[in-house]
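The chains referred to below are lettered A, B, ... by the order of the sequence lines, with proteins before strands, and numbering in each begins at 1. Keep in mind it's a predicted model, so treat the numbers as computed, not measured.
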Amino acid sequence: MSESPRDAILLYIRMLNDLIIPNSFTYPCVIRACSAISEGRQVHAHVLKTGLGGDTFSLNNLIHMYVNFQSLEEARRVFNQMPSRSLVSCTTMIAGYGRSGHLDKALEVFESTPEKSSVLWNSMIAAFVQSNHLDEAFSLFERMLDEKILLDRYVAASILSACAGLGALELGKWIHSYIQSNKIKLDQKLATAIINMYCKCGCLEKALEVFNGLSYKGPSSWNAMIGGLAVHGKGKVALELFMEMEEEGVTPDQVTFLNVLNACAHSGLINEGREYFRYMKDVYGIEPRMEHYGCMVDILGRAGIICEAMEVIKEMPVNPDASVLGALFGACRIHRNIQLGEEMGREVIKLDPSNSGRYILLANLYASAGKWKEAAEVRKSMTDRGVEKVVGFSSIEFDGCINKFVAGGINHPESEVIYAKVEEMLGRIRQAGYRSDINEALHDLSEEEMETPLSYHSEKLAIAFGLLKTKPGDTIRISKNLRICRDCHCATKLVSEVFQREIIIRDRNRFHHFRSGECSCRDYW
DNA sequence: GTAGGGTTAG
């Protein structure tokens, strides 16, 4: 066995010089050793010349190689021309299409494969999950179960990741217990997926239980747990866990530090953030990447230390991307820095014109400053460019089903009862002092549309649904794809008090645990 | 002998 891919290629050349004829065992190794597409193409030609153009093993490896070099057309050509395709050929093509975002083509290969194994099902499910098409991933998973294909640890990890994405706790729990009762091997990736699912579904305690029960904790398990504590606003605990990780001799990586910085951001730990930002480089030699800079800008900007946030950007070795400037833009929004916000908003849209949220935030920022003409222009430029608005929704799981609500939506079969409940809810919190202030509505710089009355924002519908469907005292869990707005945040605090319910809302960025009239974010978000 | 899974800011 040679140590490096280079040696494999050199050995192959020596073999040719010695006139030894390569066979079907030669090429898979040689192909995997190719470090550039041009080299791979040459070997491809050799395969054909040697008369191995019909060898499934060699061709499968060629498909894999072209996929790795992101040349899907060449991969597909090999796939199309091979005399006998195996399940491996199909799986490789599907995964390749999936990773490059060609879900339609992935699905076409998937559907046209007659004998479907769990490997094939998973390649397609994972393609959906990785492209954030979670509903499709779930329905494919259902189909898989209908066809009596057993769940293995790969499919389990994919589906758990989808559950984490949508906050589907019930399904996630089911997968977890299936893993336990069927003794599915808990390897690093699966353990990480379970911990992450519980964190992202709002069950920190379950996540900790799984984490503490692991016989071996790899870096990714620590990362998932630290990241989970971070989004729940438990910054101090996250930092303690990080120190424990170091004490146990586990080497942190760039993901660890991203999560550590994020923990600082959500808990307002400014000094700690500054320290860890230096520490990662000084102690572990990890250079901050774009994401780390973005996080650092967020920590400072959110705290209102705009000058220092700008300093961080100035000191970057590369140009800041839309995400870094987006963090600064977000800070301007919170601290009502109209002038810099205007500049950042425009810059961010220039760098990433397809993100609808930024247009809306900028338009709302203008509107809040009374600059109606500019606000209209921003909105127009968005429609002119054909940028689709991301529709805000809140989802709540009940009886194994995910119920989705959009602001002002009436598509739910129980709409009438739900709206009546919203009215009752608002009535009762008004008695406790809630005012839905028109002025606040106009100046609220949320991503969601201002056209829908605040009373019918999607989370209010979801909360009303939760109050209707769950028993008194049950926790209501809601996931939302955008950020919660100020008015809903305020209303939910009061609902938690008046109805004596714990309400957990996960928004785009973090968790809000509402209890007895207060939120775990302490209004810092 | 090849193929599928996890953690990653706002």
Side-chain angles (χ1 to χ4, degrees), chain A residues 23-29 31-32 55-65 67 86-96 98-99 117-127 129-130 151-162 164 186-197 199-200 218-228 230-231 253-266 273 288-299 301-302 322-331 333-334 348 355 357-358 361 447 483 507-510 525:
Chain A
N23 61 23
S24 64
F25 286 86
T26 315
Y27 282 110
C29 304
I31 293 164
R32 302 179 85 71
D55 176 59
T56 310
F57 275 99
S58 302
L59 296 176
N60 281 345
N61 280 287
L62 281 171
I63 296 176
H64 189 88
M65 178 205 73
V67 161
S86 68
L87 221 51
V88 177
S89 336
C90 301
T91 309
T92 313
M93 267 327 297
I94 293 170
R99 273 192 286 270
S117 70
S118 74
V119 185
L120 196 83
W121 282 97
N122 186 52
S123 64
M124 195 60 231
I125 291 173
V129 175
Q130 288 155 4
L151 182 55
D152 62 16
R153 67 176 198 269
Y154 297 91
V155 180
S158 303
I159 292 297
L160 284 167
S161 170
L186 248 199
D187 60 14
Q188 271 308 294
K189 290 183 175 177
L190 189 52
T192 304
I194 297 170
I195 294 166
N196 182 52
M197 180 278 293
C199 288
K200 298 289 161 64
S220 63
S221 322
W222 290 92
N223 291 351
M225 203 58 239
I226 292 170
V231 291
D253 58 18
Q254 48 105 7
V255 177
T256 317
F257 283 105
L258 192 55
N259 291 348
V260 162
L261 291 173
N262 195 31
C264 298
H266 287 306
R289 302 189 184 186
M290 203 62 93
E291 309 89 273
H292 300 99
Y293 282 106
C295 231
M296 201 57 222
V297 171
D298 183 43
I299 293 174
R302 194 182 292 277
S323 66
V324 177
L325 298 184
L328 188 57
F329 178 43
R333 180 179 73 108
I334 296 170
V348 162
N355 184 324
R358 266 88 174 248
L361 289 181
E447 260 180 275
R483 303 199 60 181
D507 76 4
R508 229 180 106 91
N509 298 337
R510 62 165 297 152
W525 95 93

Next item on the list: Return the set of residues passing salt bridge (Lys or Arg N to Asp or Glu O under 4.0 Å) with A/Arg302 (not counting sequence neighbours), or none when no residue passes.
Entry: A/Asp298
Next item on the list: Give a yes/no on whether any side-chain N or O of A/His64 is located under 4.0 angstrom from OP1 or OP2 of B/dA3.
Entry: yes
Margin query: Can you measure A/Met225 atom CE to B/dT7 atom C1' for me and round it to whole angstrom units?
Written below: 12 Å
Item checked: Polar pair under 3.5 Å, donor/acceptor by atom type, side chain A/Asp152, base B/dG4 -> yes
Check: With a 4.0 Å cut-off on heavy atoms, is A/Gly294 in touch with a base, just the backbone sugar-phosphate, or nothing at all?
Finding: base
Notebook entry, point to check: Hey, does the side chain of A/Gln130 come within less than 4.0 Å of B/dG5's phosphate (OP1/OP2), counting only N and O?
Noted result: yes
Item checked: Between P of B/dT2 and CG of A/Asp55, the distance in whole Å -> 14 Å
Next item on the list: Would you mind classifying the nucleic acid contact of A/Asp298 as base, sugar-phosphate or nothing, using non-hydrogen atoms under 4.0 angstrom?
Entry: sugar-phosphate
Checklist line | d(CG, A/Asn23; P, B/dT2) in whole Å | finding: 16 Å
Which donor-acceptor pairs under 3.5 Å do side chains of residues 151-159 of chain A form with protein atoms, sequence neighbours excluded?
| unit_1 | atom_1 | unit_2 | atom_2 | d |
| --- | --- | --- | --- | --- |
| A/Asp152 | OD1 | A/Tyr154 | N | 3.1 |
| A/Asp152 | OD1 | A/Val155 | N | 3.0 |
| A/Asp152 | OD2 | A/Ser118 | OG | 2.9 |
| A/Arg153 | NE | A/Asp187 | OD2 | 2.8 |
| A/Ser158 | OG | A/Asn122 | OD1 | 2.7 |
| A/Ser158 | OG | A/Tyr154 | O | 3.2 |

Donor-acceptor pairs are to be reported for all side-chain atoms of residues 58-65 of chain A against protein atoms at under 3.5 Å, with residues two or more places apart or in another chain.
| unit_1 | atom_1 | unit_2 | atom_2 | d |
| --- | --- | --- | --- | --- |
| A/Ser58 | OG | A/Asp55 | OD2 | 2.6 |
| A/Asn60 | OD1 | A/Ser89 | OG | 2.7 |
| A/Asn60 | ND2 | A/Thr56 | O | 3.4 |
| A/Asn60 | ND2 | A/Ser86 | OG | 3.1 |
| A/Asn61 | OD1 | A/Arg32 | NH1 | 2.7 |
| A/Asn61 | ND2 | A/Phe57 | O | 2.8 |
| A/His64 | NE2 | A/Asn68 | ND2 | 3.4 |

Margin query: Among residues at least two apart in sequence or on other chains, which ones pass side-chain hydrogen bond (donor to acceptor under 3.5 Å, both in side chains) with A/Asp507?
Written below: A/His512
Margin query: Test of understanding: with side-chain contact (heavy atoms from CB on, under 4.5 Å), list the residues that count as partners of A/Leu87, not counting sequence neighbours.
Written below: A/Thr113, A/Ser117
Margin query: Side chain of A/Ser161, heavy atoms from C-beta onward: which of B/dT7, B/dG4, B/dA9 has the nearest atom to it?
Written below: B/dT7
Margin query: Please check this pair: side chain of A/Asn196 against backbone of A/Ala224, looking for a donor-acceptor N/O pair closer than 3.5 Å.
Written below: no
Checklist line | Spatial distance of atom OG (A/Ser123) from atom CE (A/Met93) [nearest 0.5 Å] | finding: 11.0 Å
Check: Under the ring pair (Phe, Tyr, Trp, His ring centres under 6.0 Å) test, which residues partner A/Tyr293, sequence neighbours left out?
Finding: A/Phe277
Next item on the list: Establish, with yes or no, whether the OP1 or OP2 oxygen of B/dA3 is under 4.0 angstrom from a side-chain nitrogen or oxygen of A/Arg32.
Entry: yes
Next item on the list: Quick one: label A/Thr256 by what it contacts on the DNA or RNA (base, sugar-phosphate, nothing), any heavy atom closer than 4.0 Å.
Entry: nothing
Next item on the list: May I ask you to say what A/Gln254 touches in the nucleic acid, namely base, sugar-phosphate or nothing, with a heavy-atom cut-off under 4.0 Å?
Entry: base
Notebook entry, point to check: Under 5.5 Å between ring centres and under 30° between planes: does that hold for A/Tyr154 against the base of B/dG5?
Noted result: no
Check: Which one, B/dA3, B/dT7, B/dT2, comes nearest to the side chain of A/Val255?
Finding: B/dT7
Notebook entry, point to check: Can you find an N or O donor on one side and an acceptor on the other, under 3.5 Å apart, linking the side chain of A/Thr92 with the base of B/dG4?
Noted result: no
Margin query: Tell me which residues in residues 257-264 of chain A lie within less than 4.0 Å of DNA chain B, going by non-hydrogen atoms.
Written below: A/Leu258, A/Asn259, A/Asn262
Next item on the list: Round to a whole Å and report the spacing from CD1 of A/Ile195 to C1' of B/dG5.
Entry: 15 Å
Next item on the list: For A/Arg289, report the nucleic acid contact type (base, sugar-phosphate, nothing); a contact means any heavy atom under 4.0 Å.
Entry: nothing
Note to self: Of the options B/dA9, B/dG5, B/dT8, whose atoms approach the side-chain atoms of A/Lys200 most closely?
What the structure shows: B/dT8
Note to self: Measure CE/A/Met296 against C1'/B/dT8 and give the value in whole Å, please.
What the structure shows: 18 Å
Item checked: Pairing string, 5' to 3', for DNA chain B - Watson-Crick or wobble contacts under 3.5 Å, brackets [ ] where pairs cross, | to another strand -> ..........
Check: Considering all heavy atoms of both residues, which atom of A/Ile195 and which atom of A/Ser221 are nearest to each other, and what is their separation?
Finding: CD1-CB, 4.1 Å
Note to self: Does B/dG4 have OP1 or OP2 under 4.0 Å away from a side-chain N or O of A/Arg99?
What the structure shows: yes
Note to self: By nearest atom, which of the nucleotides B/dG5, B/dT8, B/dT2 is closest to the A/Val88 side chain?
What the structure shows: B/dT2
Next item on the list: Specify the separation, in whole Å, of atom CE of A/Met93 and atom C1' of B/dG4.
Entry: 15 Å
Check: salt bridge (Lys or Arg N to Asp or Glu O under 4.0 Å) with A/Arg510: which residues, sequence neighbours excluded?
Finding: none
Notebook entry, point to check: To the nearest angstrom, how far is A/Asn196 atom CG from B/dT7 atom P?
Noted result: 5 Å
Checklist line | Sugar-phosphate, base or nothing in reach of A/Ala126, heavy atoms under 4.0 Å | finding: sugar-phosphate
Notebook entry, point to check: Can you check the A/His266 NE2 to B/dT8 P distance for me, whole Å?
Noted result: 11 Å
Next item on the list: Side-chain contact test, heavy atoms from C-beta onward, threshold under 4.5 Å: evaluate it for A/Cys90 versus A/Leu120 and give yes or no.
Entry: yes
